[in-house]
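Here is the structure we will look at.
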Amino acid sequence: MEIPIIKKDVIIVGAGLAGCAAARELKKSGKDVLVLTKLHPLRSHSGAAQGGVNAALSEEDDIELHMFDTVKGSDYLADQNAVELMCSKAPETIRWIEKMGAVFSRRGDGKIAQRPFGGQSKPRACFAKDRTGLTLLQTIYEQAFKEGVEFWDEWYVADILYKDGKAYGVVAYNLRDSKPAIFNAKAVMFATGGYARAFKINSNAHANTGDGLSIFARHGLPLEDMEFVQFHPSGLAGSGILISEAARGEGGKLYNSKGERFMEKYAPEKMELAPRDVVSRAIANEIREGRGVGPDNMAVYLDLTHLGEEKIMERLPELRDLALTFLGQDMVKEPIMITVTAHYSMGGIPVDIDGHVRKNKEEFVEGLYAAGECACVSVHGANRLGANSLLEALFFGRHVGESIAKDLDNISFEEAQKIEANRMLEEMEFLLTNNGKESTAQLRKELQDSMFENAGVFRTEESLIKQKEKLKELKERFKNIRIEDKSKTFNTDLQEAIELGHMLDYAAFIVEGAIARRESRGAHYREDFTKRDDENFLKHTLAYMDEEGNITLEYMDVVLGKFEPQERKY
Ligand SMILES: Cc1cc2nc3c(=O)[nH]c(=O)nc-3n(C[C@H](O)[C@H](O)[C@H](O)COP(=O)(O)OP(=O)(O)OC[C@H]3O[C@@H](n4cnc5c(N)ncnc54)[C@H](O)[C@@H]3O)c2cc1C
């Protein structure tokens, strides 16, 4: 088969906020950059973000407080050098995107309005109604496009070109006709987003299947802190579709079946605006102890009726629409039913603050970068605060773009060989021709159900070991897969099977990291080890997968700083 080799200075995989911001920066500095994305850029999950983006902008706020809130929210696992960089650049990042055309909601005096979010000492989230992500994504995509960045959408990247600690391109196929191509470059950046699709109830787009992580892991590269998956307190009952934290920020109250405002028990000071891990565990506990509402008593009430129609329509119009469409409940007139939903990936590809990808604790891979939700730079540590990740994606996307531009002259160009596409071609051939009995949909369902059950909000040694066994079983059964569509045109059967393979791989990292972490910290809650254990676990997990799929762990120091670890109370 003829396989074209396309040569560029830089290849970026992913066109969400992080990918677009990096691409614009690189193009502006005169580099030849190409963005590959399996979706149209504007369909990236960044566009679904509702609530806001943080910056200490107002007179009453300051950067140090933003840093402190972020480090405390992270349960002290965040690297404080990364937090300092991001928080100190946040105001400038907002002004930068605003000058490029993002229209933020305003206060009466014309300044940018900011709403309170969980775990923040001040109202800090800048927003565009409840369509913040879409506003930001449209702006940065438009600006990257204006600069002349080349976007190739509906290209699925399935492998990297990697040898001896150096990356020099990617292997991809065109979703339209399944034709492969090699993209050969001096530098490659991944901005492929999050991995919460491994859980049954989740708020993520269908595309958030953690491809980038598993692609790296299959080359023996490490993944960091994968056990930390954030469960958001408010997904719509049943579907898990997100009802942004903005709903609580604007004054939403939570009630159980007895009409009790139960947050009084769990976080008497911050109440509904405690951080997400705290509120999620409170909701899950109310449900578990039989005080849930709705079908199977698997939800609690979120009441916004006291805000009145005018405020709801001004501040939360999308949320009202979502609850009406997917639950048939009108938040103007009645409380709506919500439940805990898998939402955000704190773990990911280990990078330093300039986006260089780690090969191990000491070394970095030449020519390989990552930013946004797929990366773990670690600004969120064990728990992300709401409205900090749009900031992360925008700021680090741009910053890593600059960092690549600086490095580029010192990176040598390695010629790609056509045989390097074989790994992807063999995978495609196997999936298209294997005549087994298992279906992608069934295996994915069992993966998502069991992950939610055994590696979800509450975890124990027993549930995690059970999950490890389940994943082994699913991986074995995956070898016996059969896909029905054998065609070459928009073969979504094939794509979903490749994505399932990725999900099975990174799910094993979540479980393995969680088994070993015998403590509770941030989003990782062990019922058999309910306390945080700084003596043994104030450290990042680095995990590696071998050819047989076995995972080994090592640990890396947290970059501490001026904020000493304290008990986390709200
Ligand atoms: C419903 C929802 C609401 C949210 N609300 C907020 C909020 O209010 N505030 C906040 O701070 N954060 C919020 N977040 C989190 C935040 O939106 C994300 O962390 C952030 O937008 C991620 O940006 P990204 O650029 O890293 O990735 P994404 O925007 O997810 O983009 C990933 C890109 O990678 C591409 N890609 C992936 N795999 C491949 C592959 N194999 N081949 C080719 N391309 C690939 C995709 O096509 C896509 O373009 C929310 C998240 C969700 C799910």
Side-chain angles (χ1 to χ4, degrees), residues 1-15 19 23 26 31-41 149-192 207 209 211-221 357 365-370 408 411-434 481 483 485-502 505 547:
M1 189 188 317
E2 198 38 48
I3 300 174
I5 299 184
I6 293 129
K7 292 187 179 165
K8 296 278 163 190
D9 289 341
V10 186
I11 297 293
I12 294 178
V13 185
L26 280 156
K31 309 300 180 212
D32 184 19
V33 53
L34 170 64
V35 181
L36 297 170
T37 162
K38 65 180 178 179
L39 302 171
H40 183 273
V149 171
E150 250 184 290
F151 288 92
W152 287 23
D153 57 333
E154 295 181 327
W155 275 83
Y156 189 92
V157 174
D159 202 4
I160 46 170
L161 302 177
Y162 175 78
K163 206 163 44 192
D164 307 328
K166 179 175 171 67
Y168 47 98
V170 299
V171 187
Y173 74 93
N174 189 337
L175 292 169
R176 269 156 267 202
D177 54 15
S178 300
K179 289 204 175 118
I182 289 176
F183 297 84
N184 192 189
K186 278 182 164 183
V188 178
M189 172 180 159
F190 269 61
T192 45
T209 49
D211 303 338
L213 293 93
S214 298
I215 290 170
F216 283 26
R218 287 174 187 181
H219 284 273
L221 291 170
V357 172
V365 179
E366 193 191 15
L368 194 55
Y369 300 79
L408 215 54
I411 305 177
S412 59
F413 186 82
E414 170 95 18
E415 289 282 341
Q417 308 301 320
K418 290 199 171 160
I419 57 161
E420 291 179 280
N422 283 1
R423 192 168 166 143
M424 179 187 84
L425 295 176
E426 281 160 18
E427 188 182 358
M428 290 170 80
E429 181 68 14
F430 163 75
L431 291 168
L432 285 168
T433 56
N434 198 46
I481 201 163
I483 65 172
D485 184 355
K486 310 286 184 193
S487 76
K488 297 276 183 196
T489 314
F490 281 114
N491 190 339
T492 50
D493 255 14
L494 172 64
Q495 185 186 342
E496 286 182 27
I498 297 175
E499 287 171 340
L500 174 64
H502 291 147
D505 276 349
E547 301 270 307

Next item on the list: Using atom types as modelled and distance alone, determine if a side-chain donor or acceptor of Asp211 lies under 3.5 Å from a backbone N or O of Thr192.
Entry: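 A pair under 3.5 Å: no.
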Next item on the list: Please confirm whether the backbone N or O of Phe430 pairs with a side-chain atom of Asn434, one donor and one acceptor, at under 3.5 Å?
Entry: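 Looks like no, no N/O pair under 3.5 Å.
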I'd like to check the side-chain contact (heavy atoms from CB on, under 4.5 Å) partners of [X]; sequence neighbours left out, ordered by chain and number.
X	result
Glu429	Thr433
Leu39	Thr37, Arg43, Ala207
Ala185	Ile11
Arg176	Asp153, Glu154, Asn174, Phe490

Next item on the list: Show your working on side-chain contact (heavy atoms from CB on, under 4.5 Å) between Asn491 and Leu432 and close with a plain yes or no.
Entry: CA-CA 10 Å; Asn491 190 339; Leu432 285 168; 3.6 Å; yes
Item checked: Chi angles and distances behind the side-chain contact (heavy atoms from CB on, under 4.5 Å) call for Met424, Ile498 -> CA-CA 10 Å; Met424 179 187 84; Ile498 297 175; over 6 Å; no
[atom1] of [X] to [atom2] of [Y]: how many Å apart, nearest 0.5 Å?
X	Y	atom1	atom2	result
Asn422	Gln417	CG	CD	11.5 Å
Leu500	Ile481	CG	CD1	5.5 Å
Ile5	Asn184	CD1	CG	6.5 Å
Ile215	Leu221	CD1	CG	11.5 Å
Ser214	Asp159	OG	CG	12.0 Å
Leu494	Asp485	CG	CG	8.5 Å

Do [X] and [Y] have side chains that approach each other closer than 4.5 Å (heavy atoms only, starting at C-beta)?
X	Y	result
Val33	Ile12	yes
Tyr162	Val365	yes
Lys179	Lys488	no
Leu408	Val10	yes

Notebook entry, point to check: Going through the checks in order, is the side-chain contact (heavy atoms from CB on, under 4.5 Å) test met by Leu34 and Trp152?
Noted result: CA-CA 7 Å; Leu34 170 64; Trp152 287 23; 3.2 Å; yes
Closest heavy-atom pair and its distance - [X], [Y]:
X	Y	value
Gly19	Ala191	N-CB, 3.6 Å
Pro4	Pro180	CD-O, 3.5 Å
Ile6	Ala181	CD1-CB, 4.0 Å
Phe183	Leu161	O-CD1, 4.0 Å
Val35	Gly14	CG1-O, 3.5 Å
Ala23	Val149	O-CG2, 3.5 Å

Going by the rule side-chain hydrogen bond (donor to acceptor under 3.5 Å, both in side chains), which residues pair with [X] if we only count those two or more places apart in sequence or in a different chain?
X	value
Glu426	none
Lys7	Glu415
Lys186	none

Note to self: Determine whether Glu499 and Tyr156 satisfy the following criterion, side-chain contact (heavy atoms from CB on, under 4.5 Å), listing intermediate values before the conclusion.
What the structure shows: CA-CA 10 Å; Glu499 287 171 340; Tyr156 189 92; 3.4 Å; yes
Notebook entry, point to check: Going through the distances and angles, do Phe216 and Phe190 end up as a ring-ring contact (aromatic ring centres under 6.0 Å, His included)?
Noted result: CA-CA 10 Å; Phe216 283 26; Phe190 269 61; 4.7 Å; yes
Enumerate, atom names and distances included, each donor-acceptor pair closer than 3.5 Å involving a side-chain atom of residues 164-173, sequence neighbours excluded.
unit_1	atom_1	unit_2	atom_2	d
Lys166	NZ	Glu366	OE1	3.4
Lys166	NZ	Ser412	O	2.9
Tyr168	OH	Glu420	OE2	2.4

Looking at residues at least two apart in the chain, or sitting in another chain, which of them share a salt bridge (charged side-chain N to carboxylate O under 4.0 Å, His left out) with [X]?
X	result
Asp32	Lys8
Lys418	Glu2
Lys31	none
Asp505	Arg218, Lys475

